[in-house]
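Report on one structure; see the data block that follows.
Below, chains carry the letters A, B, ... as their sequence lines are ordered, and counting in each starts from 1.
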There are 2 protein chains.
Amino acid sequence: MGATKTEHFTDKQNTIATLTKALGHPARIAIVEYLIKVDTCICGDIVNELPLAQPTVSQHLKELKNAGLIKGSIEGNSICYCIDEKIMEKLQKYFGNISTKLSNKKNTCC
Amino acid sequence: MGATKTEHFTDKQNTIATLTKALGHPARIAIVEYLIKVDTCICGDIVNELPLAQPTVSQHLKELKNAGLIKGSIEGNSICYCIDEKIMEKLQKYFGNISTKLSNKKNTCC
DNA sequence: AATTTATATCGTAATATTGCAATATTAAAG
DNA sequence: CTTTAATATTGCAATATTACGATATAAATT
C-alpha cells in the first residue's frame with residue numbers, strides 16, 4: 001500500500017494526473033511562470049529566482065522534465081530549459097473542455 | 001524538512017499549486033470526470049465507479065473538497081457532490097493564459 | 001427498535017515527496 | 001592543467017500521501 005494504483009485508470013487519466021501532479025507545487029508553478037515570463041529558454045539563473053537551495057531547484061526541474069512539461073538541452077556550461085508548448089496546450093484543451101461541458105450543464109443543483 | 005515552503009511563494013502560485021496538486025491523482029481525475037459525465041450532482045455511487053475501497057474514495061473526495069474543486073452537501077442518507085464551476089473556470093483561464101503567452105512567444109529556441 | 005445503506009473517521013503500513021548538505025560532474029576561463 | 005561556474009546526484013531526515021480494514025455515524029427502511 002501507499003503507491004498510486006495507476007493500472008486501474010485510463011492512460012488519459014494517468015497522463016493528466018501526471019501533468020497536474022508535476023504542477024502541484026508552488027516552486028514548480030514559479031519555475032513555469034518564470035520560463036514564460038522571460039519569453040525564451042533560460043540558461044542558468046533559475047536557481048537565483050527561487051527561494052530554495054540549488055539541489056532542491058534541480059530536483060524540481062527534473063520532475064517538470066520527467067512529466068514532459070519542460071525540455072532541457074545542454075548549452076555548453078549550463079543547461080537551456082524551456083516550456084513544452086504542446087503539453088501546455090494539452091492542459092489548456094483539457095480544462096477548456098471541462099469548462100465547456102460545465103457551462104452546457106442543464107442541471108442546477110448545489 | 002519535508003514540508004512544502006509555501007510561505008516563499010505568492011498567494012496565486014500557492015492557489016494554483018493547491019488546485020493542480022488536488023488533481024494530481026488519477027482517482028481524483030476520474031472522480032471529476034465522472035461528476036462532469038453524469039451532468040448533475042451525484043448522490044452515492046461514486047464508490048462503485050472507482051476501483052478503490054470506500055475509505056480511499058472518501059479520502060480522495062475530501063481532498064477535492066478541501067481544495068475547493070467540488071462541493072458536497074448532505075442529502076438525506078447520502079451526500080450530494082458536484083463540481084465547483086468557478087474553480088474549474090479559474091484553471092481554464094490560467095492555462096488559457098499560458099497558452100496565449102506561449103503562442104505569442106517570439107523566441108524559437110529548443 | 002433493529003437493520004440496512006451510505007458515508008466518514010481512525011489507525012496504521014507502505015511508499016512518495018520535500019529540502020538540503022555534501023559531493024560529483026562537466027565545460028569554460030584563466 | 002588548475003580553477004571557477006553551473007548543474008546534477010547522493011544520502012538522509014522530516015513530512016506527506018496512498019490505501020484499506022475496522023469502526024463510527026446517521027438517515028432510511030423494515
Side-chain angles (χ1 to χ4, degrees), chain A residues 1-9 13-14 17-31 34-35 38 41-67 69-82, chain B residues 1-9 13-14 17-31 34-35 38 41-67 69-82:
Chain A
M1 300 155 212
T4 297
K5 294 190 160 182
T6 51
E7 67 276 15
H8 295 309
F9 301 96
Q13 285 168 341
N14 282 314
T18 299
L19 294 176
T20 49
K21 187 179 182 182
L23 289 172
H25 190 289
R28 296 195 288 268
I29 291 288
I31 289 171
Y34 182 67
L35 285 175
V38 295
C41 303
I42 200 72
C43 307
D45 77 15
I46 290 183
V47 171
N48 307 316
E49 289 294 320
L50 292 173
L52 296 167
Q54 180 269 322
T56 309
V57 174
S58 187
Q59 195 175 262
H60 283 306
L61 285 166
K62 195 178 175 184
E63 272 172 72
L64 286 171
K65 201 177 172 187
N66 283 344
L69 285 158
I70 64 173
K71 292 178 289 187
S73 54
I74 294 163
E75 195 78 18
N77 195 15
S78 56
I79 294 241
C80 173
Y81 278 116
C82 62
Chain B
M1 301 154 209
T4 297
K5 294 190 158 181
T6 52
E7 67 275 16
H8 295 308
F9 301 96
Q13 285 168 342
N14 282 315
T18 299
L19 294 176
T20 50
K21 187 179 183 180
L23 289 173
H25 191 289
R28 295 195 289 268
I29 290 289
I31 290 171
Y34 182 66
L35 285 174
V38 296
C41 302
I42 200 71
C43 308
D45 79 11
I46 290 183
V47 172
N48 307 318
E49 289 294 319
L50 291 175
L52 296 168
Q54 181 268 323
T56 309
V57 174
S58 188
Q59 196 174 259
H60 283 305
L61 286 165
K62 195 178 175 184
E63 273 172 71
L64 286 170
K65 201 178 171 186
N66 283 345
L69 285 157
I70 64 174
K71 292 177 288 187
S73 53
I74 294 162
E75 195 78 15
N77 193 15
S78 56
I79 294 243
C80 174
Y81 278 116
C82 63

Completion exercise
Whole-Å distance, N66(B) CG to dA16(D) P, equals 14 Å
Exercise for the section: May I ask you to decide if N14(B)'s main-chain N or O and T18(B)'s side chain share a donor-acceptor pair within less than 3.5 Å? Expected result: yes
Practice task
Would you mind reporting whether L35(A) and I46(A) have side-chain heavy atoms less than 4.5 Å apart?
Solution key: yes
Fill in the blank from the handout: CD1 of I70(A) to SG of C80(A), rounded to nearest 0.5 Å, is 10.5 Å
Practice task
Assign K21(A) to base, sugar-phosphate, or nothing according to its heavy-atom contacts below 4.0 angstrom with the strands shown.
Solution key: sugar-phosphate
Practice task
Whole angstrom is fine here: how far is it from CD in E63(A) over to P in dA16(C)?
Solution key: 13 Å
Exercise for the section: With DNA chain D as reference, determine whether T4(B) or T4(A) sits nearer its 5' end, using the nearest nucleotide of each. Expected result: T4(B)
Exercise for the section: Let me know the distance between NE2 of H8(B) and C1' of dG19(C), rounded to the nearest Å. Expected result: 11 Å
Completion exercise
side-chain contact (heavy atoms from CB on, under 4.5 Å) filter on T4(B), not counting sequence neighbours, yields H25(A), P26(A), T6(B)
Handout entry: Gap between atoms NZ and P, on K5(A) and dT18(D) respectively (whole Å)
Key = 14 Å
Practice task
Take H60(A) and L52(A), measure what side chain to side chain contact (heavy atoms under 4.5 Å, CB included) needs, and give me the verdict at the end.
Solution key: CA-CA 10 Å; H60(A) 283 306; L52(A) 296 167; 4.1 Å; yes
Practice task
Report the distance from atom NZ of K62(B) to atom C1' of dC10(C), rounded to the nearest whole Å.
Solution key: 10 Å
Handout entry: Spacing of E7(A) atom CD relative to dT18(D) atom P, expressed in whole Å
Key = 15 Å
Practice task
Would you jot down, in residue-number order, the residues of residues 49-61 of chain B having a non-hydrogen atom under 4.0 Å from DNA chain D?
Solution key: L52(B), A53(B), P55(B), T56(B), Q59(B), H60(B)
Handout entry: Along DNA chain D (nearest heavy atom to each residue), the more 5'-positioned of K65(A) and T6(A)
Key = K65(A)
Exercise for the section: Rounded off to whole Å, could you give me the CG-to-P distance for the D45(A) and dA5(D) pair? Expected result: 15 Å
Exercise for the section: Give a yes/no on whether any side-chain N or O of Y81(A) is located under 4.0 angstrom from OP1 or OP2 of dA8(D). Expected result: yes
Problem - Contacts of type side chain to side chain donor-acceptor pair (under 3.5 Å), residue Q59(B), not counting sequence neighbours - result: none
Exercise for the section: Measure the distance from CD1 on I31(B) to C1' on dA19(D) and round it to the nearest whole Å. Expected result: 13 Å
Problem - Residue pair Y81(B) / L61(B), side-chain heavy-atom distance below 4.5 Å - result: yes
Exercise for the section: Would you mind telling me which of dT7(D), dA16(D), dT9(D) lies closest to the side-chain atoms of I79(A)? Expected result: dT7(D)
